[in-house]
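What follows is a short report on a single structure.
Positions are given from 1, in the same order as the sequence printed here.
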Amino acid sequence: FSWHPGLPEAVATEVEVSFQAMKGAANVTTVSLEHREWERLGERASFVRGLFAGGWGGVLARFEALANGKTELPPVVGPGCIGAVPSDGG
């Protein structure tokens, strides 16, 4: 899928996610994620890529929690993440 949180689609990077069942392990799946096409960001590519270093772990932890039937998900912070909305709406 294309990834351009808050940016024009013309500078979208590309993310590929794949899933593979582990042989001999019941209910275990390996998830692989590749984030590429950073050069589309031009001069800012190196900076933005640095912001995402290790950034997918939190997102994947939320998918894992959902797959395990959890309703309360771990928070994710970082580029492209929407922060918690204050309870007073402001």
Would one find more than 12 heavy atoms of other residues, nucleotides or ligands at under 6.0 Å from atom [atom1] of [X]?
{"X": "Arg62", "atom1": "CZ", "result": "yes"}
{"X": "Glu34", "atom1": "CD", "result": "yes"}
{"X": "Glu39", "atom1": "CD", "result": "yes"}

Discussion item. Tell me every residue that passes side-chain contact (heavy atoms from CB on, under 4.5 Å) with Glu64, counting only those two or more places apart in sequence or in another chain.
Written reply: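 Result, side-chain contact (heavy atoms from CB on, under 4.5 Å) vs Glu64: Asn68.
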If two hydrophobic side chains count as joined below 4.5 Å and joins carry through other members, does [X] share a cluster with [Y]?
{"X": "Val17", "Y": "Leu73", "value": "no"}
{"X": "Leu66", "Y": "Val28", "value": "no"}
{"X": "Phe19", "Y": "Met22", "value": "no"}

Discussion item. For Val11 versus Leu41, what's the shortest heavy-atom pair and its separation?
Written reply: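 What the structure gives for the nearest pair is O-CD2, 3.3 Å.
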Item to complete: Find out whether Thr13 and Val48 are in side-chain contact, i.e. whether some heavy atom of one side chain is under 4.5 Å from a heavy atom of the other.
Response: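 Side chain of Thr13 against side chain of Val48, heavy atoms only: no contact under 4.5 Å found.
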Discussion item. Let me confirm one number: the CD-CD distance from Glu16 to Glu37, rounded to the nearest 0.5 Å.
Written reply: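 Going from CD on Glu16 over to CD on Glu37, the span is 11.0 Å.
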Worksheet item: Once you round to the nearest 0.5 Å, how far does CD of Glu14 lie from CZ of Arg36?
Response: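 Spacing of CD (Glu14) from CZ (Arg36) equals 4.0 Å.
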Practice prompt. Check for a donor-acceptor pair, side chain of Arg40 on one end and backbone N or O of Ala12 on the other, with a separation under 3.5 Å.
Written response: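 Looks like yes, one N/O pair under 3.5 Å.
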